[in-house]
Amino acid sequence: MSRYNAAETEPKWQAAWKAARAFDANAQDSTKPKFYALEMFPYPSGKIHMGHVRNYAMGDVVARYKSARGYRVLHPMGWDAFGMPAENAAMEKGVHPKGWTYDNIEAMKGPMKRLGFGLDWSREFATCDVAYYKQQQAIFLAFMKQGLVYRKKAKVNWDPVDMTVLANEQVIDGKGWRSGALVEQKELDQWFFKITHYGDELSNSLDSLERWPEKVRTMQKNWIGRSEGAQFKFNGQDDCPDIEVFTTRPDTLFGASFVALSADHPLIKTLAKDNAKMQAFRAECAKIGTTEEAIATAEKLGFDTGLRVAHPFKPDESLPVWIANFVLMGYGTGAIFGCPAHDQRDFDFASKYDLPIKRVIRPHINEGADESLTEALPEAYMGEGTLINSAFLDGLSKEAAIRAAIAKIEELGLGTGTVQYRLRDWGVSRQRYWGAPIPIIYCSDTSCGDNGAVPVPEADLPVQLPDDVVFDADNPGNPLERHATWKDVPCPSCGKPARRETDTLDTFADSSWYFARFAGGTGNGEPSDKPFDKTEASNWLPVDQYIGGVEHAVLHLLYARFFTRGLRDCGLLDLPSGEPFDGLFTQGMVTHETYKNEDGAWVEPSDIDEGKQISTGQIITTGAVEKMSKSKKNVVDPNEIIQGYGADVARWFVLSDSPPERDVEWTESGVIGAWRFAGKVWDIVYADDTHQSPLSVAAQAEGEALNLRKFAHKVIERVTAGIEAFRFNTSVAAIYELTNAIRKYGKNDAARAESLGILIRMIAPFMPHLSEECWAHMKGDNSKLALVCQTPWPAADPALLTEDEITLPIQVNGKKRGELSVAKDIDKDALEKMALADPRIIATIGEATIRKVIIVPGRIINIVAK
RNA sequence: GCGGGUGUGGCGGAAUUGGUAGACGCGCUGGAUUCAAAAUCCAGUUCCUCUGGAGUGUCGGUUCGAGUCCGACCACCCGUACCA
């Protein structure tokens, strides 16, 4: 018998699908309901890795399955092509980011096409295509008109040696990754998207996303972090101006022992100009860096300004004003009051600097006892309780006290109850070349436009990236800045000398609307001069099933949800809910050990043999297991598996064992199981040359034949449920069982043909090429039957799913001691009698007295005996 | 630090959602086939002091019954706003 030959079979069926326009969305029957399947598009790093294969294999199973279930499916693919790695490659290898990127796209497209995903390649684009980023610039201008764009100062990581802005991942232990210089902070004018405008909507609307994982909704909700509280001022004494604070705990105001300002607070910036010590403290704070993680984990440091403010409720008392490194300028007003007894951070701070710790909340459990609460607190008490030592708030609960404190603050005219978001506006300016230029021109006349900032007129778009730029390691920084002529233009408004914005847009913007471009953009190969066709995009959106890595759970998904709202409110998209993704599945990451050589450089796993780097001979240090990423080089190329076993085995393998939402540490062991399976399927199909239709129904089957049919139909249920629930590994296990059952079954009769036809249709979304080959063999040369990828999903016959006889376990005191084979609908009394008559049960019970017999029909019998 | 998640045989994992723990696959062991090997096929495979007992990261709780629910902890992973 012949063997399955992937190299011959794969191109044959890929050509057949193309000829049948099987995955061309425009060729689908328009009367069918739509289904938009989308996987997060890849960054073209140059190689696909196992994480990609896993992601796209899942998406393809869903897309092909939905197609078999009668939907017209849109399943596009493109490239998230702007970003830092291209510039790093330009510096390291002297290549141009554009050439590097498009070469990488070509390099990745080969293996992706080889894998036979059912993709509509007619809609492909890269975000670095001028046609795409032109439209992104148009959207930027539309958002601007809509009031969703503004400019303000913001901090960046500045490498003083390389004279360039660093990304957070390029700052290692506070030092520049290339130069090793201590990273400084620098304030630059930057553009922002007003995502906080939609703060409430983005938070509330999460509840409607029923087909999103609960964890992602929770993460987004926490990220947006809506909190109610009060904003009010502490009146300054002597030279101290009034200080505006925000708090969620105005109830603890009587326990306040200090006011703390961010080192970046305008007041501190002003004071530090004439105060060298304060300036030094600010520099100390700046060393920590800009990331939330670094700030939160840094040792809490303070600086007493010597200023004092009045307590709002006790005008004769005053509080010291400190600078604290844990107060963020970006949240609230950049100033807080500290209540050490009831906030852990304040507690740590007060303990360190010997500030008073005054308790104002008595825990409920202490009621009656220890009225004075005099003994020292070991830590802050943040739970519920009753207010004490708080004048008019005494005796109130926390919630009531919050309300009463706000009322008092309002009555005193010091402030109001307000809502704050943890969410900050989205800074989109990047001091880099390889991104979409921000379409702004700065006029030399600052009375022109907004303080000199003039939007590029729509007719002048695109603002195109110049190709003639130079990258070199000796001269890092943004080449657009250095370009001889590019930035010099006349002001589009008044004609005076002006210069272009040299910052480009955050690449998260690129991935915030690409799904709309797929849906309403290039479908017919007719690029329209707008971001996307409104009707088409509105018809396909929302994406019915979006699949991608859980690492995008907050930022990418939140930014996309912001963009669709912006597009909606600009009238570009008809999407009332504003929600781009109706169903979301977050897959776990494919992880791998990381390796470094003696120079401390990351090393690819394929460059290692017996603990040494093959290319240099250096000794390798093994690091942590982390998600596969280009920057850490811990990627495994799937090409070897595809070459060795074929596309279908590779696809089957990545879905076969692990539950899709779980992280998997990459290992090739187990791929042989997928390979054996492909061989078994081939063998059982080619063991029969009678060409009975794979759509046979063996209605007359009896005995073993009937059992096989019953099993096959039960497996339909299991496989279908597995796909619907994204538990492909359980579908795979069920398919294995059916395959084994068919193998053991001897005859080439109608029951076998029916079961085999069911099997092939169910394997088709997973192993599409092998399935077509098997399907073609079964149906024979003269059959009019369609391709298996265009054949409906098998339906389970309900009559075959029920069993008359079932096995029930018998437990004694919760431990299994026997089992019974009984009719499905046997009554409880009979069951009890049978269980108590079982010799092994009698022996187990022995002398003990039977206290109770629990019978759960169809499930279990438990005898309680003592 | 904070937010979110995960933890079951030698390994990946299954378990009808509170009811037979270990389906299915890998690996391993033995056998068949072969001059031999590969491939393939068949059987076995949680552990132990084995007519019994223990067992789903640890400790405790609820229940007739807990991998599943509750509480405390441990380890690892993701995110933490300029990696994408």
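Lettering of chains follows the sequences in order, A, B, ..., and the numbering in each one begins at 1.
- Inspection of the Gln136(A) and Trp513(A) side chains reveals an N or O donor paired with an N or O acceptor under 3.5 Å.
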How does RNA chain B read in dot-bracket, base by base from 5' to 3', with Watson-Crick or G-U pairs under 3.5 Å and | used when the partner is on another strand? (((((((..(((......[....)))((((((.......))))))(((...)))..(((((..]....))))))))))))....

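- Residues satisfying the side chain to side chain contact (heavy atoms under 4.5 Å, CB included) test with Glu805(A), not counting sequence neighbours, are Ser821(A).
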Distance-only check: which donor-acceptor pairs under 3.5 Å involve side-chain atoms of residues 850-863 of chain A, not counting sequence neighbours?
from: Asn862(A); atom 1: OD1; to: Gly814(A); atom 2: N; distance (Å): 3.1

Please list each protein N or O that sits under 3.5 Å from an N or O in nucleotides 27-33 of chain B, with the distance.
from: G27(B); atom 1: OP2; to: Arg676(A); atom 2: NH1; distance (Å): 3.4

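- Side chains of Phe41(A) and Phe515(A) form no contact here, defined as non-hydrogen atoms less than 4.5 Å apart.
- Taking Lys215(A) as the reference, nothing meets the salt bridge (charged side-chain N to carboxylate O under 4.0 Å, His left out) condition, with sequence neighbours excluded.
- Comparing G3(B) with C11(B), their C1' atoms sit 32 Å apart, to the nearest whole Å.
- Taking the P atoms as reference points, G57(B) lies 8 Å from U68(B), given to the whole Å.
- The same atom, C1', is picked in G61(B) and in U49(B); the two are 31 Å apart, to the nearest Å.
- Its glycosidic angle being more than 90° from 0, C35(B) falls on the anti side.
- Between the side chains of Asp663(A) and Thr591(A), not a single donor N or O lies within less than 3.5 Å of an accepting N or O.
- Here the nucleotide nearest the side chain of Thr297(A), chosen from U20(B), A84(B), G1(B), is G1(B).
- Pro42(A) meets the side chain to side chain contact (heavy atoms under 4.5 Å, CB included) test with His52(A), Tyr56(A), Met77(A), Trp79(A), Met108(A); sequence neighbours excluded.
- Of the residues in residues 722-733 of chain A, those lying under 4.0 Å from RNA chain B by heavy-atom distance are Arg727(A), Asn729(A), Thr730(A), Ala733(A).
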Set out, in order, the CA-CA distance, both residues' side-chain angles and the distance that settles ring pair (Phe, Tyr, Trp, His ring centres under 6.0 Å) for Trp666(A) and Phe653(A), then state yes or no. CA-CA 12 Å; Trp666(A) 176 253; Phe653(A) 173 53; 5.7 Å; yes

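- Looking only at distances, no side-chain donor or acceptor of Glu187(A) sits under 3.5 Å from a matching main-chain atom of Lys153(A).
- Taking atom CD1 on Ile195(A) and atom C1' on A81(B), their separation rounds to 10 Å, with Å as the unit.
- Between Lys680(A) and Phe82(A), the residue anchored nearer the 5' end of RNA chain B, judged by the nucleotide with its closest heavy atom, is Lys680(A).
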Heavy-atom protein contacts under 4.0 Å, nucleotides 50-72 of chain B, coded B base, S sugar-phosphate only, - none: ---SS---------BS-------

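- Listed by chain and number, the residues in a salt bridge (charged side-chain N to carboxylate O under 4.0 Å, His left out) with Lys744(A) amount to none (sequence neighbours excluded).
- Aromatic ring pairs are classed by plane angle as parallel below 30°, tilted from 30° to 60° and perpendicular above 60°; the pair Trp682(A) and Tyr686(A) is parallel.
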Under 3.5 Å, sequence neighbours excluded: what are the donor-acceptor pairs made by side chains of residues 162-173 of chain A?
from: Asn168(A); atom 1: OD1; to: Asn157(A); atom 2: ND2; distance (Å): 2.9
from: Asn168(A); atom 1: OD1; to: Thr290(A); atom 2: OG1; distance (Å): 3.3
from: Gln170(A); atom 1: OE1; to: Ala167(A); atom 2: N; distance (Å): 2.8

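- Per the geometry, CG belonging to Leu738(A) stands 13 Å off P belonging to G25(B), to the nearest Å.
- Screening residues 713-740 of chain A for salt bridge (Lys or Arg N to Asp or Glu O under 4.0 Å), with sequence neighbours left out, gives Lys714(A)-Glu803(A), Arg718(A)-Glu737(A).
- Among the nucleotides U6(B), C42(B), G12(B), the one closest to the side chain of Arg743(A) is C42(B).
- Nearest-nucleotide mapping onto RNA chain B: of Lys816(A) and Asn157(A), the residue sitting toward the 5' end is Lys816(A).
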Quick test: give all pairs of protein nitrogen or oxygen and nucleotides 74-78 of chain B nitrogen or oxygen below 3.5 Å, distance rounded to 0.1 Å.
from: C77(B); atom 1: O2'; to: Asp663(A); atom 2: OD2; distance (Å): 2.6
from: C78(B); atom 1: OP1; to: Lys627(A); atom 2: N; distance (Å): 3.4

